[in-house]
Amino acid sequence: MTETSPIDLSTLVRLLQLQVRTGADRLDRPVRGGYVGDLLSDVMGNSHEGDLWITRQVHPNIVAVASLKDLAAIVLVNGSEPAPETLTKAEAEGIPVLLAEESAFAVAGKVYALITGAVQIAT
Amino acid sequence: MADEPLIYENQFNVQGGNFNDAGKVASHIKAILKGFGIPSEAVRKTALVAYESEINIVSYARKGVIHLRLARDQVVIETIDEGLGIADIELAMQEGYSTATDKIREMGFGAGMGLANIRNFSDIFQISSEPGKGTSLKMIIKWRP
(Lines give C-alpha, C1' and ligand atoms only; values in the text may rest on other atoms or scores of the structure.)
Protein backbone atom coordinates (compact mmCIF):
# COMPACT_ATOMS: atom_id res chain seq x y z
CA MET A 1 0.00 0.00 0.00
CA THR A 2 1.39 3.35 -0.98
CA GLU A 3 1.35 6.37 1.28
CA THR A 4 -0.90 9.07 -0.14
CA SER A 5 -0.96 12.68 0.95
CA PRO A 6 -4.40 14.05 1.84
CA ILE A 7 -6.38 15.65 -0.95
CA ASP A 8 -6.86 19.38 -0.64
CA LEU A 9 -9.90 21.47 -1.47
CA SER A 10 -8.46 22.82 -4.73
CA THR A 11 -8.06 19.27 -6.05
CA LEU A 12 -11.69 18.48 -5.20
CA VAL A 13 -12.81 21.74 -6.82
CA ARG A 14 -10.99 20.77 -10.01
CA LEU A 15 -12.07 17.13 -10.17
CA LEU A 16 -15.71 17.70 -9.23
CA GLN A 17 -15.98 20.95 -11.19
CA LEU A 18 -17.22 22.91 -8.18
CA GLN A 19 -17.87 26.65 -8.28
CA VAL A 20 -15.94 28.57 -5.64
CA ARG A 21 -18.15 31.27 -4.16
CA THR A 22 -16.12 32.22 -1.05
CA GLY A 23 -12.80 31.33 0.53
CA ALA A 24 -10.82 31.09 -2.72
CA ASP A 25 -7.65 31.83 -0.73
CA ARG A 26 -8.21 28.84 1.58
CA LEU A 27 -8.36 25.98 -0.89
CA ASP A 28 -5.00 24.55 0.16
CA ARG A 29 -6.66 23.02 3.21
CA PRO A 30 -6.52 19.20 3.27
CA VAL A 31 -9.82 17.30 3.40
CA ARG A 32 -9.67 14.25 5.65
CA GLY A 33 -13.33 13.28 5.72
CA GLY A 34 -16.80 14.46 5.05
CA TYR A 35 -20.31 14.66 6.39
CA VAL A 36 -23.66 14.90 4.63
CA GLY A 37 -26.62 16.51 6.37
CA ASP A 38 -29.20 19.29 6.39
CA LEU A 39 -30.01 19.23 10.11
CA LEU A 40 -27.67 21.64 11.86
CA SER A 41 -27.59 19.79 15.20
CA ASP A 42 -26.83 16.55 13.38
CA VAL A 43 -23.83 18.19 11.73
CA MET A 44 -22.80 19.84 15.03
CA GLY A 45 -22.89 16.52 16.83
CA ASN A 46 -21.43 14.20 14.21
CA SER A 47 -19.04 16.05 11.90
CA HIS A 48 -15.32 16.30 12.59
CA GLU A 49 -12.68 18.99 12.22
CA GLY A 50 -11.45 19.21 8.62
CA ASP A 51 -14.55 17.53 7.17
CA LEU A 52 -16.12 18.60 3.90
CA TRP A 53 -19.78 19.35 4.67
CA ILE A 54 -22.18 18.44 1.89
CA THR A 55 -25.65 19.98 2.25
CA ARG A 56 -28.54 21.63 0.46
CA GLN A 57 -29.13 23.98 3.39
CA VAL A 58 -28.39 27.54 2.19
CA HIS A 59 -29.41 29.59 5.24
CA PRO A 60 -26.66 31.84 6.81
CA ASN A 61 -26.63 29.64 9.93
CA ILE A 62 -24.61 26.98 8.09
CA VAL A 63 -21.59 29.31 8.32
CA ALA A 64 -21.66 29.37 12.13
CA VAL A 65 -21.81 25.57 12.22
CA ALA A 66 -18.88 25.19 9.80
CA SER A 67 -16.86 27.76 11.72
CA LEU A 68 -17.58 26.35 15.20
CA LYS A 69 -16.72 22.81 14.06
CA ASP A 70 -13.61 23.88 12.06
CA LEU A 71 -14.97 22.21 8.92
CA ALA A 72 -12.86 22.52 5.76
CA ALA A 73 -15.65 23.80 3.49
CA ILE A 74 -19.35 23.70 2.71
CA VAL A 75 -20.52 22.16 -0.57
CA LEU A 76 -24.04 23.18 -1.62
CA VAL A 77 -25.58 20.57 -3.91
CA ASN A 78 -28.24 20.37 -6.64
CA GLY A 79 -27.15 23.77 -7.95
CA SER A 80 -28.60 25.47 -4.85
CA GLU A 81 -27.84 29.17 -4.66
CA PRO A 82 -26.73 30.38 -1.22
CA ALA A 83 -28.56 33.30 0.39
CA PRO A 84 -26.52 36.53 -0.10
CA GLU A 85 -26.18 36.80 3.68
CA THR A 86 -24.64 33.32 3.73
CA LEU A 87 -21.87 34.42 1.38
CA THR A 88 -21.22 37.63 3.32
CA LYS A 89 -20.85 35.67 6.54
CA ALA A 90 -18.76 32.94 4.94
CA GLU A 91 -16.35 35.49 3.49
CA ALA A 92 -16.05 37.21 6.88
CA GLU A 93 -15.43 33.89 8.68
CA GLY A 94 -13.09 32.53 6.00
CA ILE A 95 -15.26 29.51 5.23
CA PRO A 96 -15.09 28.26 1.62
CA VAL A 97 -18.56 27.85 0.08
CA LEU A 98 -18.50 25.60 -2.98
CA LEU A 99 -21.35 24.89 -5.40
CA ALA A 100 -22.07 21.57 -7.07
CA GLU A 101 -24.60 20.94 -9.82
CA GLU A 102 -24.81 17.30 -8.80
CA SER A 103 -26.78 15.70 -5.96
CA ALA A 104 -25.44 15.09 -2.46
CA PHE A 105 -25.28 11.37 -3.32
CA ALA A 106 -23.07 11.94 -6.36
CA VAL A 107 -20.81 14.47 -4.63
CA ALA A 108 -20.39 12.32 -1.52
CA GLY A 109 -19.65 9.23 -3.61
CA LYS A 110 -16.94 10.95 -5.60
CA VAL A 111 -15.34 12.67 -2.61
CA TYR A 112 -15.36 9.40 -0.66
CA ALA A 113 -13.70 7.53 -3.50
CA LEU A 114 -11.05 10.23 -3.89
CA ILE A 115 -10.09 10.73 -0.27
CA THR A 116 -10.01 7.03 0.56
CA GLY A 117 -7.78 6.43 -2.45
CA ALA A 118 -10.27 4.09 -4.15
CA VAL A 119 -9.85 6.17 -7.29
CA GLN A 120 -6.44 7.26 -8.53
CA ILE A 121 -6.05 10.89 -9.50
CA ALA A 122 -4.58 11.64 -12.91
CA THR A 123 -2.47 14.74 -12.53
CA MET B 1 -14.91 23.17 41.90
CA ALA B 2 -15.96 25.95 44.25
CA ASP B 3 -12.33 26.36 45.29
CA GLU B 4 -10.98 26.55 41.75
CA PRO B 5 -10.10 30.19 41.08
CA LEU B 6 -11.60 31.68 37.95
CA ILE B 7 -9.30 33.01 35.27
CA TYR B 8 -12.09 34.59 33.23
CA GLU B 9 -15.77 35.36 33.59
CA ASN B 10 -18.27 37.00 31.28
CA GLN B 11 -21.93 36.97 30.32
CA PHE B 12 -23.73 37.44 27.02
CA ASN B 13 -27.31 38.40 26.24
CA VAL B 14 -29.24 36.43 23.64
CA GLN B 15 -32.36 37.82 21.96
CA GLY B 16 -35.15 35.34 21.29
CA GLY B 17 -36.26 34.96 17.68
CA ASN B 18 -33.15 36.54 16.16
CA PHE B 19 -31.98 33.69 13.91
CA ASN B 20 -29.69 35.89 11.84
CA ASP B 21 -27.27 36.31 14.72
CA ALA B 22 -27.71 32.76 16.06
CA GLY B 23 -24.30 31.33 16.88
CA LYS B 24 -22.64 34.68 17.51
CA VAL B 25 -22.26 34.15 21.26
CA ALA B 26 -20.92 30.62 20.73
CA SER B 27 -18.35 31.97 18.24
CA HIS B 28 -17.33 34.65 20.72
CA ILE B 29 -16.93 32.08 23.52
CA LYS B 30 -14.90 29.83 21.24
CA ALA B 31 -12.55 32.71 20.38
CA ILE B 32 -12.11 33.55 24.09
CA LEU B 33 -11.20 29.95 24.95
CA LYS B 34 -8.78 29.72 22.04
CA GLY B 35 -7.18 32.95 23.26
CA PHE B 36 -6.55 31.35 26.66
CA GLY B 37 -4.89 28.39 24.98
CA ILE B 38 -7.46 25.85 26.18
CA PRO B 39 -6.94 22.38 24.58
CA SER B 40 -8.73 22.24 21.22
CA GLU B 41 -10.92 19.26 22.13
CA ALA B 42 -12.33 21.20 25.10
CA VAL B 43 -12.75 24.29 22.92
CA ARG B 44 -14.78 22.30 20.38
CA LYS B 45 -16.98 20.71 23.07
CA THR B 46 -17.61 24.09 24.68
CA ALA B 47 -18.39 25.71 21.32
CA LEU B 48 -20.95 22.96 20.66
CA VAL B 49 -22.75 23.21 24.00
CA ALA B 50 -22.72 27.02 23.82
CA TYR B 51 -24.11 26.90 20.28
CA GLU B 52 -26.93 24.48 21.07
CA SER B 53 -27.93 26.42 24.18
CA GLU B 54 -27.86 29.68 22.22
CA ILE B 55 -30.07 28.16 19.50
CA ASN B 56 -32.51 26.95 22.16
CA ILE B 57 -32.83 30.47 23.59
CA VAL B 58 -33.31 31.96 20.11
CA SER B 59 -35.91 29.31 19.27
CA TYR B 60 -37.91 29.03 22.48
CA ALA B 61 -37.34 32.09 24.65
CA ARG B 62 -37.97 35.83 24.64
CA LYS B 63 -34.47 36.41 25.90
CA GLY B 64 -31.72 34.73 27.82
CA VAL B 65 -28.26 35.09 29.30
CA ILE B 66 -25.26 32.83 28.77
CA HIS B 67 -22.68 32.92 31.55
CA LEU B 68 -19.12 31.81 30.91
CA ARG B 69 -16.80 30.93 33.79
CA LEU B 70 -13.35 29.71 32.95
CA ALA B 71 -10.98 28.02 35.40
CA ARG B 72 -7.58 26.39 34.88
CA ASP B 73 -9.03 22.94 34.20
CA GLN B 74 -12.69 23.46 33.35
CA VAL B 75 -15.23 25.77 31.82
CA VAL B 76 -18.76 26.31 33.10
CA ILE B 77 -21.49 27.46 30.72
CA GLU B 78 -24.72 28.44 32.41
CA THR B 79 -27.81 29.68 30.59
CA ILE B 80 -30.96 31.20 32.03
CA ASP B 81 -33.84 32.13 29.77
CA GLU B 82 -37.29 33.64 30.00
CA GLY B 83 -39.41 31.63 27.64
CA LEU B 84 -41.67 28.70 26.97
CA GLY B 85 -39.97 26.31 29.37
CA ILE B 86 -40.13 22.53 29.07
CA ALA B 87 -43.06 20.53 30.46
CA ASP B 88 -41.48 17.07 30.17
CA ILE B 89 -37.69 17.24 30.40
CA GLU B 90 -37.20 13.50 29.94
CA LEU B 91 -39.12 13.64 26.67
CA ALA B 92 -37.27 16.76 25.52
CA MET B 93 -33.94 14.99 26.11
CA GLN B 94 -34.89 12.19 23.72
CA GLU B 95 -33.14 12.43 20.39
CA GLY B 96 -35.61 13.30 17.64
CA TYR B 97 -38.25 14.84 19.88
CA SER B 98 -38.87 18.49 19.05
CA THR B 99 -41.59 21.10 19.43
CA ALA B 100 -40.00 23.34 16.78
CA THR B 101 -42.24 25.24 14.38
CA ASP B 102 -42.04 24.74 10.60
CA LYS B 103 -40.26 28.10 10.31
CA ILE B 104 -37.52 26.89 12.66
CA ARG B 105 -37.23 23.54 10.87
CA GLU B 106 -36.90 25.19 7.46
CA MET B 107 -33.66 26.76 8.64
CA GLY B 108 -32.26 23.37 9.60
CA PHE B 109 -32.96 23.68 13.32
CA GLY B 110 -35.45 21.69 15.36
CA ALA B 111 -33.99 18.25 14.70
CA GLY B 112 -34.61 17.30 18.30
CA MET B 113 -30.91 16.74 18.86
CA GLY B 114 -29.86 19.91 20.67
CA LEU B 115 -30.26 18.83 24.28
CA ALA B 116 -28.93 15.34 23.50
CA ASN B 117 -25.86 16.93 21.91
CA ILE B 118 -25.37 19.15 24.96
CA ARG B 119 -25.58 16.16 27.30
CA ASN B 120 -23.22 14.07 25.16
CA PHE B 121 -20.56 16.76 24.88
CA SER B 122 -20.64 17.94 28.53
CA ASP B 123 -18.85 16.25 31.41
CA ILE B 124 -21.55 17.49 33.77
CA PHE B 125 -24.99 18.60 32.61
CA GLN B 126 -27.89 19.95 34.66
CA ILE B 127 -31.26 21.16 33.43
CA SER B 128 -34.23 22.69 35.18
CA SER B 129 -37.32 24.27 33.73
CA GLU B 130 -40.64 25.77 34.62
CA PRO B 131 -43.26 25.71 31.86
CA GLY B 132 -44.30 29.23 30.90
CA LYS B 133 -41.36 30.76 32.80
CA GLY B 134 -38.14 29.49 31.29
CA THR B 135 -35.27 27.02 31.29
CA SER B 136 -31.86 26.94 32.95
CA LEU B 137 -28.92 24.81 31.87
CA LYS B 138 -25.53 24.23 33.43
CA MET B 139 -22.75 22.51 31.54
CA ILE B 140 -19.21 21.77 32.72
CA ILE B 141 -16.39 20.68 30.44
CA LYS B 142 -13.12 19.55 32.00
CA TRP B 143 -9.60 18.96 30.74
CA ARG B 144 -6.17 18.10 32.06
CA PRO B 145 -4.29 21.40 32.34
Side-chain angles (χ1 to χ4, degrees), chain A residues 22-23 26 29-30 32-33 35-78 80-97 104, chain B residues 14 17-34 39-56 58-60 77 92-98 100 102-122:
Chain A
T22 61
R26 294 184 178 231
R29 188 162 175 193
R32 297 177 190 281
Y35 198 75
V36 187
D38 299 330
L39 301 172
L40 303 185
S41 286
D42 173 37
V43 179
M44 281 303 287
N46 295 310
S47 66
H48 296 101
E49 180 183 4
D51 275 358
L52 189 74
W53 177 17
I54 299 163
T55 184
R56 60 155 306 282
Q57 191 68 251
V58 296
H59 190 271
N61 285 295
I62 59 175
V63 177
V65 171
S67 170
L68 286 166
K69 292 290 287 190
D70 298 318
L71 304 181
I74 304 170
V75 181
L76 302 178
V77 295
N78 292 339
S80 307
E81 267 303 313
E85 176 78 2
T86 304
L87 294 178
T88 313
K89 282 198 173 172
E91 202 61 79
E93 298 268 339
I95 301 291
V97 171
Chain B
V14 179
N18 184 2
F19 285 97
N20 281 335
D21 279 341
K24 216 170 199 175
V25 171
S27 298
H28 193 168
I29 288 175
K30 184 185 178 190
I32 290 168
L33 264 60
K34 270 177 129 171
S40 55
E41 182 63 20
V43 174
R44 273 198 293 277
K45 285 180 176 176
T46 309
L48 182 141
V49 304
Y51 176 81
E52 296 287 10
S53 349
E54 185 180 357
I55 296 301
N56 281 349
V58 173
S59 302
Y60 305 111
I77 302 281
M93 293 299 305
Q94 279 179 26
E95 209 164 292
Y97 178 82
S98 175
D102 286 348
K103 183 197 157 208
I104 291 173
R105 289 175 201 259
E106 274 166 24
M107 289 183 281
F109 301 114
M113 295 177 70
L115 287 174
N117 269 352
I118 290 172
R119 182 188 53 204
N120 294 343
F121 283 79
S122 303

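Here is the naming used below: chain letters follow the sequence lines, and residue numbers restart at 1 for every chain. Heavy-atom basis, side chains included; hydrogens, waters and symmetry copies ignored.
Looking only at side-chain heavy atoms (C-beta outward), B:Ile55 and A:Met44 stay at 4.5 Å or farther from each other.
For A:Asn46, the part lying under 4.5 angstrom from a heavy atom of chain B is the side chain only. Of the two parts of A:Asp42, the backbone and the side chain both hold a non-hydrogen atom closer than 4.5 Å to a non-hydrogen atom of chain B. Contact annotation for B:Glu95: neither backbone nor side-chain heavy atoms come within less than 4.5 Å of a heavy atom of chain A.
Interface summary for chain A: among B:Gly112, B:Gly23, B:Gly108, the most heavy-atom pairs under 4.5 angstrom belong to B:Gly108.
The shortest heavy-atom contact between A:Ala64 and B:Ala22 is CB-O, 4.1 Å.
Note that the CE atom of B:Met107 and the CD1 atom of A:Ile62 stand 13.5 Å from one another [nearest 0.5 Å]. A distance of 3.5 Å separates CG in A:Asp70 from NZ in B:Lys30, rounded to the nearest 0.5 Å.
Interface residues of residues 52-61 of chain A toward chain B, defined by a heavy-atom distance below 4.5 Å and sorted by number: A:Gln57, A:His59, A:Asn61.
The side chain to side chain contact (heavy atoms under 4.5 Å, CB included) test with A:Ser41 is passed by exactly one of B:Leu48, B:Asn117, B:Leu115: B:Asn117. Checked against B:Arg44 for a side chain to side chain contact (heavy atoms under 4.5 Å, CB included), the options A:Glu49, A:His48, A:Lys69 give a single hit: A:Glu49.
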